[in-house]
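Protein chains get the first letters and strands the later ones, always in sequence-line order, with residue 1 at the start of each. Note: hydrogens, waters and symmetry copies are ignored here, and every other heavy atom, side chains too, is used.
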Amino acid sequence: MATLKLFNTLGRRKEELKPLRDNEVGLYTCGPTVYDYAHIGNLRTYIFEDILRRVLEYNNYKVKHVMNITDVGHLTGDNLGDADIGEDRMEISAQRTGKSAWDLAKLYTEAFFKDTERLNILKPHIVCKATDHIPEQIALVRKLEAKGYTYKTSDGIYFDVSKFPTYGELVGQSLKEKKAGARVEVNPEKRNPADFALWKFSPKGAKRRQMEWESPWGVGFPGWHIECSAMSTKYLGQPFDIHCGGVDHIYTHHPNEIAQSEAAEGVKMANFWLHGEFMTVEGRRMGKSEGNAYLLEELIERGFKPLAFRYLCLNTHYRIQLNFTWQALEGAQTALERLREHVRNARANGGEPAQGKVLPEARERFLVALNDDLNLPQALGAVWDFVRSQRNPSDKLATLLDLDRVLGLRLSEVRREAELEISPEVQELLAQREAARTAKNFKEADALRMKIAELGYEVLDTPQGPKAAKRSDATPKP
RNA sequence: GGCGGCGUAGCCAAGUGGCAAGGCAAGGGUCUGCAAAACCCUCAUACACCGGUUCGACUCCGGUCGCCGCCUCCA
């Protein structure tokens with residue numbers, strides 16, 4: 001088995017992956033907080049995680065992929081410094097839209113999976129919702145309580161980080177250093193600024209929460225971090241192999257998960273921690289307030305295919321900020337279309353993937369790039385060099401479809417799609433034009449071509465005869 | 001203010017102490033009735049700027065500028 005090296009945030013260096021069980025890898029990826037639609041920056045992270053999973057599988061590991069859905073407890077300020085002043089994101093969205101928090105969770109969860117499906121992101125083997133695991137979270141808090149890691153304030157049960165000496169290991173920053181950089185403490189009941197809520201009490205009075213549960217400490221709801229600890233342990237055991245998320249989680253969410261899990265179980269939580277970088281847009285930070293936190297839906301409205309966005313993401317290493325520009329997305333879309341055209345041509349030239357063989361030299365170069373910390377830009381370079389080389393169509397197809405197991409660009413579906421898109425009406429016009437053309441009546445032929453173009457198709461005369469292709473020239477407006 | 005990352009052709013970008021991957025765009029050609037696709041060729045004396053180390057740096061060191069991130073919710 002080839003050596004796969006990954007950059008481990010824990011230690012800040014590339015390390016060889018050595019799974020705990022021979023051929024199996026336990027993978028936990030932090031999922032969405034379903035209080036709103038996911039924007040393309042969010043989606044980039046899920047594409048990175050999808051690539052990781054596919055690379056693991058390409059290396060013949062059996063992957064068990066678990067992802068959470070945060071549908072409760074993620075407060076607007078549930079972190080360092082102001083754990084008691086935030087509001088639950090779900091409840092805020094509910095107030096804003098007039099829908100129930102539960103309905104919204106369902107709505108945005110479905111929207112999320114619709115997006116990931118369009119991006120050909122493989123669905124995790126286990127998708128677990130925080131609200132479906134309240135007993136597990138309560139049990140974990142009780143365990144921490146029994147071991148003396150917690151204390152109670154007027155608004156909740158907190159984790160005392162001073163009892164956990166290695167807190168901040170992931171960050172490479174000691175508690176003391178973190179404290180020195182912290183701002184004004186806004187929750188005077190907390191013993192240490194880095195302490196965080198494990199369980200929050202429902203506010204007393206008229207303003208009832210929509211999401212709340214009974215617990216040994218009274219009615220309330222779980223803290224944001226506890227779900228990941230409870231569910232990762234439940235489904236993957238502890239320790240497990242790889243834990244992923246966005247870079248924003250390096251400093252608070254993940255250290256807190258580590259503290260909870262390791263304090264409770266007395267063993268390491270996960271061996272590898274991988275983090276995907278953020279996106280910028282036209283060189284500026286991306287955010288809702290900037291008006292550039294685009295949704296996948298908006299890209300589609302501008303005439304782009306979801307997989308063009310996926311291709312764009314593959315073209316930049318996951319640990320480097322990706323600068324999103326419309327021009328770059330157009331480039332990605334063209335490149336993807338061309339790649340698909342190569343598959344189409346290989347098919348047209350009689351290529352049958354089942355009769356071809358995966359060419360070892362192409363696969364090797366591709367794999368070397370992948371196994372060096374998921375260097376997809378370099379892997380794509382290898383793909384293009386291969387695509388431009390002269391091969392017999394069957395071998396070419398077999399190889400490209402093999403590489404696409406990682407790329408996830410749906411290259412195997414190219415043929416079917418091309419056939420489906422041509423309506424009988426267009427087929428008929430195409431036949432008429434070919435007849436005119438054969439009769440050297442080019443004026444007539446060109447007129448028919450215009451007619452076909454009006455129906456949204458482009459006429460292409462290929463060595464195998466004329467064909468129509470759906471025009472993808474919906475010009476994007478920057 | 002503290003800590004960290006980045007700055008490579010019009011755009012997205014990979015990379016290495018020893019003559020700068022790949023894709024998009026652009027220009028030329030083959031093919032075509034004309035096109036499209038495909039294929040071929042061209043396209044950074046140059047890797048933000050200024051110093052230093054070195055036989056040699058884009059790659060190492062120091063400084064400057066710019067952008068981004070974290071320290072405060074965010075993938």
Side-chain angles (χ1 to χ4, degrees), chain A residues 12 29-33 35-36 38-49 74-82 86-87 89 171-173 177-184 186 193 224 244-253 275-280 282-289 293 311-317 319-339 341-342 344-345 348-349 369 372 375-385 387-388 390 437-438 440-443 445-446 449 458-463 466-467 469 471:
Chain A
R12 312 251 157 170
T29 59
C30 277
T33 299
Y35 68 104
D36 202 349
H39 56 65
I40 56 174
N42 299 124
L43 294 171
R44 181 193 183 197
T45 298
Y46 299 106
I47 290 173
F48 142 62
E49 290 161 349
H74 194 164
L75 308 193
T76 54
D78 190 26
N79 275 320
L80 185 67
D82 58 354
E87 287 184 75
R89 293 167 175 282
V171 191
Q173 186 184 26
E177 288 165 340
K178 188 162 181 169
K179 192 176 183 179
R183 290 191 178 184
V184 184
V186 289
W224 172 38
C244 295
V247 287
D248 53 310
H249 287 151
I250 293 174
Y251 288 89
T252 305
H253 183 51
H275 295 94
E277 251 298 349
F278 274 16
M279 273 176 60
T280 54
E282 315 278 356
R284 315 295 312 180
R285 70 161 275 149
M286 177 175 164
K288 278 177 197 166
S289 54
Y311 185 99
L312 180 70
C313 291
L314 301 188
N315 201 33
T316 304
H317 188 95
R319 284 194 291 115
I320 298 292
Q321 286 180 1
L322 160 55
N323 187 29
F324 178 90
T325 65
W326 293 104
Q327 200 178 355
L329 184 59
E330 274 184 72
Q333 174 135 304
T334 305
L336 174 61
E337 276 309 313
R338 243 165 236 179
L339 202 52
E341 188 62 26
H342 278 278
R344 219 168 271 140
N345 287 342
N349 290 330
D372 181 15
N375 195 331
L376 265 293
Q378 205 160 77
L380 271 181
V383 170
W384 280 104
D385 283 347
V387 162
R388 309 253 196 235
Q390 295 297 321
R437 207 169 74 92
T438 316
K440 305 257 182 235
N441 186 353
F442 298 124
K443 209 170 176 181
D446 286 345
R449 169 151 59 186
E458 192 169 15
V459 177
L460 309 173
D461 293 322
T462 73
K467 65 172 184 176
R471 284 160 58 131

Whole angstrom is fine here: how far is it from [atom1] in [X] over to [atom2] in [N]?
| X | N | atom1 | atom2 | answer |
| --- | --- | --- | --- | --- |
| A:E330 | B:rA26 | CD | C1' | 14 Å |
| A:Y311 | B:rC12 | OH | C1' | 10 Å |
| A:W384 | B:rG22 | CH2 | P | 12 Å |

Out of [options], which nucleotide sits closest to the side chain of [X]?
| X | options | result |
| --- | --- | --- |
| A:T334 | B:rC12, B:rA25, B:rA37 | B:rA25 |
| A:F442 | B:rG33, B:rA14, B:rC68 | B:rG33 |
| A:Y35 | B:rA75, B:rA13, B:rG33 | B:rA75 |
| A:R338 | B:rC11, B:rC24, B:rG15 | B:rC24 |
| A:D446 | B:rC34, B:rC11, B:rA14 | B:rC34 |
| A:R449 | B:rG33, B:rC34, B:rC40 | B:rC34 |

Only pairs with both distances under 3.5 Å count, Watson-Crick or wobble alike; so what is the partner of [N] in this structure?
| N | answer |
| --- | --- |
| B:rU54 | none |
| B:rG1 | B:rC71 |
| B:rG66 | B:rC6 |

Toward the 5' end of RNA chain B, by each residue's nearest nucleotide, A:G41 or A:T280: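 Counting from the 5' end, the first nearest nucleotide belongs to A:T280.
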Do A:N323 side-chain and B:rC12 base share a donor-acceptor contact under 3.5 Å?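 Side chain to base: no pair below 3.5 Å.
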